[in-house]
Amino acid sequence: MTFDVVIIGGGPAGLAAALALGRARKSVLLCDAGPRRNAAAVHMHNFVTRDGTPPEVFRQIGREQLAHYPNVEIRDVKVLGVTGVSGAFLVEVEGARIEARRIIVCTGMIDEGLPIEGFEALWGHAIFQCPYCHGWEVRDRHWGYLARGPEGLDFGLFLRGWTDQVTVFTGASFEVPAGAAERLHAGGVVLETRPIARLEAQGRALVGVLLEDGARVPCEFLYVHGPQRHVEVVRQLGLALDRDGYVVVDAMTRQSSVPGIYAAGDLTTRAQGAIYAASMGTQAAGMVNHDLTMETVRAQASR
Ligand SMILES: Cc1cc2nc3c(=O)[nH]c(=O)nc-3n(C[C@H](O)[C@H](O)[C@H](O)COP(=O)(O)OP(=O)(O)OC[C@H]3O[C@@H](n4cnc5c(N)ncnc54)[C@H](O)[C@@H]3O)c2cc1C
C-alpha cells in the first residue's frame, strides 16, 4: 500500500496535520517516536481550550480524536530515513519500508541545555524559555534571564511585564555594549556580569544563582534561549536550513527545499509554541491535500 502522506512526528504539529488530512480522506501514516520537546513540563499553557493541560494528555486527546478516522494510522516507530522523489517516497522505519506520495516533517527540536551545574535538573521546572508558557503562574517572583549574547539583553526588559524583580545574567561570556546596561538600569532590571559558578536548588526549586566570587543572587525562575539541534532524520533528508539552523519552508505551502517534503512546527522557527506548531501542521496538511487532490483529479481527467 502507498500512503498518501507519511507524517514524521506526533507532537502538536504532526497531530494537527494528521487530523486535517484524515478529514480530507487521505490515507495517512503518523510515525512518532523519541523525546518530545516539552517532556520536562508538567503543564502546557497558552493553548486556548487546553490551558493547563499536561502535555501527555494533550497528545492522548489528539490520538483519540484521530481514532475516528480509519484512514489515519499511528505507529510508535522512529523514521530512520527517506529516499525517492515526490509521488514515490520510500520511508524507512524500524523494521519496515513504507511508500508515500508526500512527507510532512514535524520532528520538533532538541534542546541542548547549558553546561552549568544544576541546569539539567531544573529545565522545565524552574528554567524556561517562554514567559507566555510559564510566566503567569510565577508572576511577581525573582526572575532571571541568562543572556547568551548582546542581542538578547533587552529580553530582560520584556520580562518586566510579569515581575518587577528581574536580573539579567551574562556569566561574563560577552561584553555588554554601551547603552544596553543603561537601558536595563533605566527599565528597573539588574545586570549581573560576573561569572556563574552554579545554580542553587532545593529539589526542583531554584533558589539562587551562585557566582564564582561566592556571591549569591536571588533567582527562583530562570529564562534562557539555549542551543537547539535537529533530530538525525532532518539531516538525512538534506533539507535547506536558514542561518539560524531552522528548516526553510515556503511561507504559503510549507514545502521545504525538497519537492514533496513539507515541514511544520518548531523545526521551522524559533517562534515556538504548541498552538503555533498545530497551526503550521494544519496549514501544511491543507496544502499537501490540495496538491494531492488536484494531482489525482487531473490524472483522471487526462485518461
Ligand atoms: C520545557 C518546555 C515547556 C514548554 N511549555 C509550553 C507551553 O506551556 N505552551 C506551549 O505552547 N508551548 C510550550 N513549549 C513549546 C512546545 O512544547 C513546542 O512548541 C511544541 O511541542 C512543538 O510541537 P512540534 O509538533 O513542532 O514538536 P514536538 O512537540 O517536539 O514533537 C515532535 C515529535 O516528533 C517525534 N520525532 C522526532 N524524530 C522522529 C523520528 N525520526 N521518527 C518519528 N518521530 C520522531 C518526537 O518524538 C516528538 O514526539 C514548551 C517547551 C519546552 C521545552
Side-chain angles (χ1 to χ4, degrees), residues 6-19 29-60 62-63 74-82 91-94 96 98 103-113 119-138 204 221-237 246-247 249 254 262-285:
V6 166
I7 299 170
I8 312 174
L15 290 167
L19 182 61
L29 175 64
L30 174 67
C31 299
D32 186 46
R36 63 181 163 80
R37 177 78 210 291
N38 53 1
V42 180
H43 297 106
M44 184 184 80
H45 292 285
N46 207 31
F47 196 124
V48 67
T49 77
R50 294 281 170 251
D51 192 35
T53 303
E56 65 275 13
V57 173
F58 174 87
R59 286 185 173 222
Q60 184 193 325
R63 285 179 173 226
I74 301 177
R75 290 189 205 167
D76 290 316
V77 290
K78 184 174 179 179
V79 171
L80 303 172
V82 178
V91 181
E92 192 184 342
V93 301
E94 290 155 333
I98 295 147
I103 307 289
I104 306 181
V105 189
C106 303
T107 47
M109 294 298 284
I110 295 175
D111 294 292
E112 299 238 354
F119 190 96
E120 200 179 321
L122 293 166
W123 174 249
H125 301 280
I127 303 177
F128 305 115
Q129 62 156 8
C130 167
Y132 294 105
C133 302
H134 305 280
W136 169 261
E137 289 69 25
V138 297
R204 299 281 199 189
F221 300 95
L222 186 64
Y223 290 79
V224 62
H225 296 123
Q228 299 185 318
R229 66 181 159 85
H230 288 285
V231 297
E232 186 55 36
V233 76
V234 173
R235 274 190 289 274
Q236 188 274 333
L237 289 168
Y246 297 96
V247 172
V249 291
R254 304 208 64 81
Y262 297 67
D266 281 6
L267 82 162
T268 63
T269 175
R270 184 88 223 200
Q272 298 168 346
I275 201 161
Y276 297 147
S279 151
M280 290 181 241
T282 303
Q283 184 190 354

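Read the numbers this way: they start at 1 and go in the same order the structure lists the ligands and their atoms.
At least one N or O atom of Ala274, backbone or side chain, sits closer than 3.5 Å to an N or O atom of ligand 1. Residue Asp266 has at least one N or O atom closer than 3.5 Å to an N or O atom of ligand 1.
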TODO: Please assess Asp32 against Lys78 for the test salt bridge (charged side-chain N to carboxylate O under 4.0 Å, His left out), listing each intermediate value before the final yes or no.
DONE: CA-CA 6 Å; Asp32 186 46; Lys78 184 174 179 179; over 6 Å; no
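Comparing Gln236, His230, His45 by heavy-atom distance to atom 9 (N) of ligand 1, the nearest is His45. When the heavy atoms of Ile110, Asp32, Val79 are ranked by distance to atom 48 (C) of ligand 1, first place goes to Asp32.
Listed by atom number, the atoms of ligand 1 under 4.0 Å from Ile8 heavy atoms are 40 (C), 42 (N), 43 (C). Atoms of ligand 1 found under 4.0 Å from any heavy atom of Gly273 (numbered from 1 in listed order, with element): 11 (O), 12 (N), 19 (O).
Relative orientation of the Phe128 and Tyr223 rings is tilted, given thresholds of 30° and 60° on the angle between their planes. Ring geometry for Phe119 against Trp123 counts as parallel: the plane angle stays under 30°, on a 0 to 90° scale with 60° as the upper cut.
In terms of modelled atom types and a separation under 3.5 Å, the side chain of Arg254 and the main chain of Gln283 share no donor-acceptor contact. Between the side chain of Thr282 and the main chain of Ala278, a donor-acceptor pair closer than 3.5 Å is present.
Residue contact annotation: Met280 has no non-hydrogen atom under 4.0 Å from ligand 1. The shortest separation from a heavy atom of Glu232 to ligand 1 is not under 4.0 Å, leaving the residue out of contact. Within the 4.0 Å heavy-atom shell around ligand 1 one finds Val77. Contact between Asn46 and ligand 1 is absent, with no heavy atom of the residue lying under 4.0 Å from the ligand.
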